[in-house]
Amino acid sequence: MTPKYTSRMSRRGFLAGTAAGAGLIALHPYSARAATNQAHLRIMETTDIHVHVYPYDYYADKPSDTVGLARTATLIDGVRAEATNTMLVDNGDFLQGNPLGDYMAYEKGMKEGDVHPVIAAMNALGVEVSTLGNHEFNYGLSFLEKSLAGAKFPVVSANVVKTEGADPTKDKTLIPPYVILKKEITDGSGEKHTINIGFIGAVPPQIMLWDRHNLEGKVKTRDIVSTMAAYIPEMKEKGADIIIALSHSGIDSADHVEGAENASVPLGRVEGIDAIMTGHQHLVFPSPTFANMKEVDIKAGTLGGKPAVMGGFWGSHMGLIDLMLERDGNQWKVLSAETEARPIYLRGEDRKVTPTVASEQYILDAVKPEHEATLA
Ligand code: MN
Ligand code: MG
């Protein structure tokens, strides 16, 4: 069967998060419809958080309703509360981008055993896998290494390479190129199954220019699309039922241009990739921003034919890809999909900002000492 994709970009009556609102949410049709040997899996994305955990504008030194992982967390926990199968992934650019990040890099520093506050927040939130964004390299490889050491989740990136091999799969990569996570899911008749979900990551190869002084002589980069494509057969061989691309890369030309910064559209054409988490551009997909582009379908929420999402930046949106999975023999495959970027705030005609959710206190608590030290 040809997979069917639709997006919910215009559905506004669907905002979760507040205790009062949560009870009003109807079960997603996929959960209601899933038959025996079918399962509804919701993959949630945060991207380009840039150390924005508190809903706070450090430059203006005042609270802000347009940023903050503590707010996105409320959307995420709202989806989890709907009792379907869920996963949470982050798409990179978490470590740098506000005074809290600079405070950690230039003032406090990272000692052995320290957990970086944004990593602490991601741990608390239950991020299950992440990839590197280009800004992860801004403070150098040693700082990055110390920061990643505190993560309770795997971080993958296939195209940052310490030693190049004959093809990407023979490379010695800076961090693992991919991971295959075993996930227990419940099907439409309430039966539990274990599904193998592969996650592969990549970053714009341009980090070699943008962070030359940190990276030259230490690592090299490869093309996003051809590198991910090279690993797919190996991931399938190792048992991946479905494969999700963590593409810290935006939405641009449909042509595969070697070394392109924003390669998520041709990535969609790679056989074996089932869904694409995008980011880096600090934009929202699906949205009219990407109307009338080749192989970009803002109604279906697809790039190169595959379901995709881009969850804004600084926590502004939670990306959500709903997958209807079906067991085909011993393997699970994607039957249909819907994608949505769900905002933490709405902007009225008068430009006035109305938050859709409050902050999760446990996420604020995870970074409170460093947040306060940054203010001081
Ligand atoms: Mn970014
Ligand atoms: Mg970026």
Side-chain angles (χ1 to χ4, degrees), residues 1-5 7 41-45 47 87 89-92 128-132 154 156-159 167-169 176-181 183 195-204 222-258 260 262-280 285-286 294-297 300-311 319-326 328 331-339:
M1 186 188 291
T2 310
K4 275 175 50 189
Y5 305 123
S7 84
L41 175 62
R42 321 193 78 177
I43 304 183
M44 300 178 281
E45 179 211 49
T47 190
M87 288 196 87
V89 309
D90 181 81
N91 214 43
E128 285 163 89
V129 57
S130 181
T131 192
L132 302 176
V156 295
S157 188
N159 70 334
D167 70 80
T169 66
Y178 64 86
V179 66
I180 299 172
L181 299 179
K183 183 80 184 173
I195 176 173
N196 297 313
I197 309 180
F199 292 92
I200 182 164
V203 69
R222 283 194 188 260
D223 175 62
I224 292 173
V225 175
S226 53
T227 302
M228 283 206 189
Y231 278 104
I232 302 301
E234 184 180 308
M235 294 173 75
K236 285 286 177 196
E237 224 166 84
K238 288 189 178 170
D241 289 296
I242 63 170
I243 294 176
I244 312 293
L246 304 180
S247 168
H248 188 86
S249 178
I251 298 164
D252 195 356
S253 170
D255 300 324
H256 175 206
V257 179
E258 171 74 21
N262 294 308
S264 295
V265 181
L267 198 56
R269 290 197 304 268
V270 173
E271 204 183 322
I273 290 179
D274 292 290
I276 307 169
M277 302 295 169
T278 70
H280 180 59
F285 184 83
K294 202 174 148 201
E295 292 185 50
V296 177
D297 190 329
T302 58
L303 302 175
K306 304 288 173 57
V309 80
M310 190 190 295
L320 179 62
I321 299 186
D322 280 289
L323 298 174
M324 183 69 117
L325 304 177
E326 186 172 68
D328 183 9
Q331 275 236 321
W332 289 83
K333 62 171 191 189
V334 176
L335 194 63
S336 59
E338 292 187 358
T339 83

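Since the model is a prediction, treat every value here as computed from it, not as a measurement.
A308 approaches P286 most closely through the heavy-atom pair O-CD, 4.4 Å. Considering all non-hydrogen atoms of both residues, S253 and V265 come closest at O-CB, 3.8 Å. The minimum heavy-atom distance linking I321 with A275 is given by the pair CD1-CB, 4.1 Å. Shown here for G92 and S130, the closest heavy-atom pair between the two residues is N-OG, 4.2 Å. Contact between P154 and E128 at its shortest, heavy atoms only, is CD-O, 3.2 Å. Nearest approach of G319 to V309, heavy atoms of both residues: CA-CG2, 3.6 Å.
Note that the CD1 atom of I195 and the CG atom of L323 stand 8.5 Å from one another [nearest 0.5 Å]. Between atom NZ of residue K333 and atom CG of residue D328 there is a gap of 4.5 Å, rounded to the nearest 0.5 Å. Summarising the geometry, atom CZ belonging to R222 is positioned 9.5 Å from atom CG belonging to N159; distances are rounded to the nearest 0.5 Å. Note that CE of M44 and CG of D322 are 10.0 Å apart. Values are rounded to the nearest 0.5 Å. Atom CD of E237 and atom CE of M235 lie 12.5 Å apart (nearest 0.5 Å). Taking CG of L246 as the start and CG of L132 as the end, the distance is 10.5 Å to the nearest 0.5 Å.
Of the possible polar contacts, one joining the D241 side chain to the N196 backbone as a donor-acceptor pair under 3.5 Å is found. Side-chain atoms of T131 never come within 3.5 Å of backbone atoms of N91 as a donor-acceptor pair (strictly under, hydrogens ignored). Although no hydrogens or angles enter the test, the distance criterion places no donor-acceptor pair under 3.5 Å between the side chain of D255 and the main chain of V257. Remark: side-chain polar atoms of S264 are paired, donor with acceptor, to backbone N or O of S249 under 3.5 angstrom. A donor-acceptor pair under 3.5 Å is formed between the side chain of E45 and the backbone N or O of G311.
S247 pairs with exactly one of L303, I276, I200 by the side chain to side chain contact (heavy atoms under 4.5 Å, CB included) rule, that one being I276.
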Practice prompt. Any chance you could lay out the side chain to side chain contact (heavy atoms under 4.5 Å, CB included) test for Y5 and T339, step after step, and finish with the verdict?
Written response: CA-CA 8 Å; Y5 305 123; T339 83; over 6 Å; no
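Side-chain contact between W332 and L41 is absent, with no heavy atoms from C-beta onward closer than 4.5 Å. Residues N262 and H280 meet the side-chain proximity criterion, which asks for heavy atoms closer than 4.5 Å. With a 4.5 Å cut-off on side-chain heavy atoms, S157 and H248 do not count as touching. Residues V334 and K306 have side chains not in contact (no heavy-atom distance under 4.5 Å, counting atoms from C-beta outward). Using a 4.5 Å heavy-atom cutoff, the side chains of I243 and M228 are not in contact. Residues M87 and I244 have side chains not in contact (no heavy-atom distance under 4.5 Å, counting atoms from C-beta outward). With contacts defined as side-chain heavy-atom distances shorter than 4.5 Å, the pair M277/I43 qualifies. At least one side-chain heavy atom of I273 sits under 4.5 Å from a side-chain heavy atom of I232.
With sequence neighbours excluded, the residues forming a ring pair (Phe, Tyr, Trp, His ring centres under 6.0 Å) with Y178 are Y231, listed by chain and number.
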